Amino acid sequence: MIAYYKTEAGRMARQDALSPGCWVNMIQPDEQEIAGTAQALEIDPSFLRAALDEEEASRIEVEDGVTLMVVDIPYSREQEDGGQLFSTLPLAIVVTARNVVTVSLQETSVVRDFAAGQVKNVDTAMRTRFTLNLMLRAAGKYLLHLRQIEKLSSKIEGELYKSLKNEELIQLLTLEKSLVYFTTSLKSTETTLEKLFRGRVLRLYEEDQDLLEDVIIEFKQAIEMADIYSSILSGTMDAFASVISNNLNIIMKVLTVITILMTIPNIVFSFYGMNVVDMPLPYTWAPVALAAAVTGLTWLVLKKKKIY
């Protein structure tokens with residue numbers, strides 16, 4: 001799918017065709033769309049295919065005056081079990097002499113916000129600033145998703161106090177995996193931004209320089225948050241795994257004590273059930289009393305030794 005947008009009178013407006021100064025948004029384009037756009041913009045088609053590989057690493061390239069930036073942006077989706085999965089996917093930003101092109105495998109909230117005109121002070125004709133605003137929005141989404149992960153982990157932690165099942169631990173494991181994805185993507189994107197900051201790959205005016213610094217600061221903050229949440233979540237999982245194991249040991253200990261106490265009457269009654277002449281304490285109440293006495297004594301011994 002290809003959509004064209006252009007800033008008109010300070011607002012983002014959708015266009016019917018490609019024109020100078022517009023933003024070209026491509027979501028999972030086919031080969032025909034890639035070839036047509038590459039020909040119209042006179043760029044290498046491989047630049048437009050860069051983000052179609054989910055494993056594509058963040059990088060920046062310049063060829064014949066065209067700049068390609070591949071960065072990872074966050075997204076979330078609901079799983080079949082109702083849980084929330086947070087991950088990242090590559091976004092290719094191609095800056096040409098007259099246009100900015102974004103390519104991704106699926107629509108994300110970052111691109112959707114720009115297309116819906118929810119981001120203020122954006123001008124598609126100012127290509128470098130538009131690119132940096134995209135990155136700043138992506139950093140904001142990272143921070144938003146990190147706060148959501150923190151709230152979800154706290155909620156699951158509260159449920160875990162009352163449960164001995166593995167479902168909550170599996171949910172925490174999913175969140176920990178999301179944090180690993182976020183941390184890896186944030187660090188690789190930060191490296192790309194640092195290269196952009198040092199190498200002057202894009203033409204930066206004074207305001208652009210300040211904006212780029214803000215973007216780098218936001219990404220650094222997101223990296224710190226992801227590292228902190230990952231450490232906390234990892235420690236929480238280890239602690240609760242130990243708690244669940246300890247609770248299981250307590251249950252097994254109780255069941256063992258109950259088994260021992262129930263075995264004593266069974267031994268006594270089995271002994272008296274044999275057809276043996278001249279049994280000690282032959283009265284009807286004697287086996288019951290003996291079993292009760294031995295069972296009680298055993299229970300007191302176990303309790304005194306703090307086994308039960």
Side-chain angles (χ1 to χ4, degrees), residues 3 5-7 10-12 21-27 50-51 56-60 67-76 86-96 99-104 106-149 181-227 229:
Y5 298 91
K6 193 171 185 178
T7 304
R11 299 182 62 183
M12 188 72 71
C22 78
W23 163 40
V24 183
N25 182 28
M26 306 177 71
I27 298 175
E56 191 72 26
S58 295
R59 68 181 193 278
I60 186 168
T67 303
L68 166 68
M69 287 182 58
V70 180
V71 295
D72 290 322
I73 57 175
Y75 77 98
S76 64
F86 299 89
S87 188
T88 62
L89 77 162
L91 173 71
I93 306 174
V94 183
V95 183
T96 69
N99 301 92
V100 175
V101 185
T102 58
V103 187
S104 59
Q106 65 185 56
E107 186 180 33
T108 62
S109 58
V110 175
V111 175
R112 187 166 54 246
D113 290 349
F114 276 82
Q118 297 180 6
V119 183
K120 298 180 180 180
N121 302 322
V122 172
D123 190 346
T124 56
M126 303 177 72
R127 301 178 306 281
T128 300
R129 193 167 305 172
F130 181 81
T131 300
L132 295 177
N133 276 308
L134 270 173
M135 299 303 303
L136 186 62
R137 192 70 172 185
K141 292 296 181 180
Y142 271 115
L143 294 172
L144 174 62
H145 288 325
L146 286 169
R147 287 191 288 269
Q148 290 176 338
I149 290 175
Y181 291 151
F182 275 17
T183 302
T184 303
S185 299
L186 282 165
K187 290 181 178 179
S188 61
T189 301
E190 182 199 19
T191 302
T192 301
L193 290 173
E194 292 286 356
K195 183 178 180 180
L196 179 64
F197 183 78
R198 294 191 304 267
R200 303 286 182 177
V201 179
L202 291 174
R203 184 178 180 182
L204 299 174
Y205 295 96
E206 184 176 352
E207 293 183 2
D208 298 334
Q209 188 79 18
D210 294 338
L211 183 57
L212 178 57
E213 291 177 358
D214 291 340
V215 173
I216 294 175
I217 290 172
E218 289 288 308
F219 270 89
K220 287 182 180 295
Q221 182 181 353
I223 291 172
E224 291 178 1
M225 286 181 62
D227 287 337
Y229 290 160

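Computed from a prediction, not measured in an experiment: that's the story for all the values here.
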Taking the side chain as everything from C-beta on, heavy atoms only, tell me whether R137 gets closer than 4.5 Å to V111. no

When rounded to the nearest 0.5 angstrom, what is the spacing between CG in D214 and CZ in F219? 12.5 Å

Looking at every heavy atom in both A222 and L143, which two are closest together, and how far apart are they? CA-CD2, 3.6 Å

So do the side chains of L146 and F182 get within less than 4.5 Å of each other, counting heavy atoms only? yes

Can you tell me how far the OH atom of Y142 sits from the CG atom of L186, to the nearest 0.5 Å? 5.0 Å

Can you name the closest pair of heavy atoms from A115 and M12 and give their distance? O-CG, 4.1 Å

Nearest 0.5 angstrom please: T191 OG1 to I60 CD1, how far? 12.0 Å

Flag the pair D227 / K187 as yes when at least one side-chain heavy-atom distance between them is below 4.5 Å, and no otherwise. yes

Would you name the heavy atoms of E56 and A50 that are closest together and state the gap between them? CG-O, 3.1 Å

Can you list the steps and then say if R129 with D123 is a side chain to side chain contact (heavy atoms under 4.5 Å, CB included)? CA-CA 8 Å; R129 193 167 305 172; D123 190 346; over 6 Å; no

Working to the nearest 0.5 Å, report the span between OG1 of T124 and CG of N25. 12.5 Å

Shortest non-hydrogen pair, A92 vs L68, comes out as CB-CD1, 4.0 Å

Which heavy-atom pair separates A226 from T183 by the least distance, and what is that distance? CB-OG1, 3.5 Å

Between M135 and T189, is any pair of side-chain heavy atoms under 4.5 Å apart? yes

Checking the side chain of S104 only, and the main-chain atoms of L91 only, is there a donor and an acceptor separated by less than 3.5 Å? no

Assess the residue pair S87 and Y75 against the criterion (side chain to side chain contact (heavy atoms under 4.5 Å, CB included)); give the C-alpha distance rounded to whole Å, side-chain angles, the decisive distance to 0.1 Å, and a yes or no. CA-CA 6 Å; S87 188; Y75 77 98; 3.8 Å; yes

Measure the CZ-CH2 distance between F114 and W23 for me, rounded to the nearest 0.5 Å. 7.5 Å

Answer whether the closest heavy-atom distance between the side chains of F130 and T7 falls below 4.5 Å. no

Take K220 and I217, measure what side chain to side chain contact (heavy atoms under 4.5 Å, CB included) needs, and give me the verdict at the end. CA-CA 5 Å; K220 287 182 180 295; I217 290 172; 5.7 Å; no

Using only atom types and a distance under 3.5 Å, with no angle test, would you say the side chain of T184 pairs donor to acceptor with the backbone of Y181? no

Rounded to the nearest 0.5 Å, what separation is found between the CZ atom of R59 and the OG1 atom of T192? 9.5 Å

For T108, which of D113, I73, I27 qualifies under side chain to side chain contact (heavy atoms under 4.5 Å, CB included)? I73

For K6 and G21, work out which heavy atoms get closest and say how close. CG-O, 4.0 Å

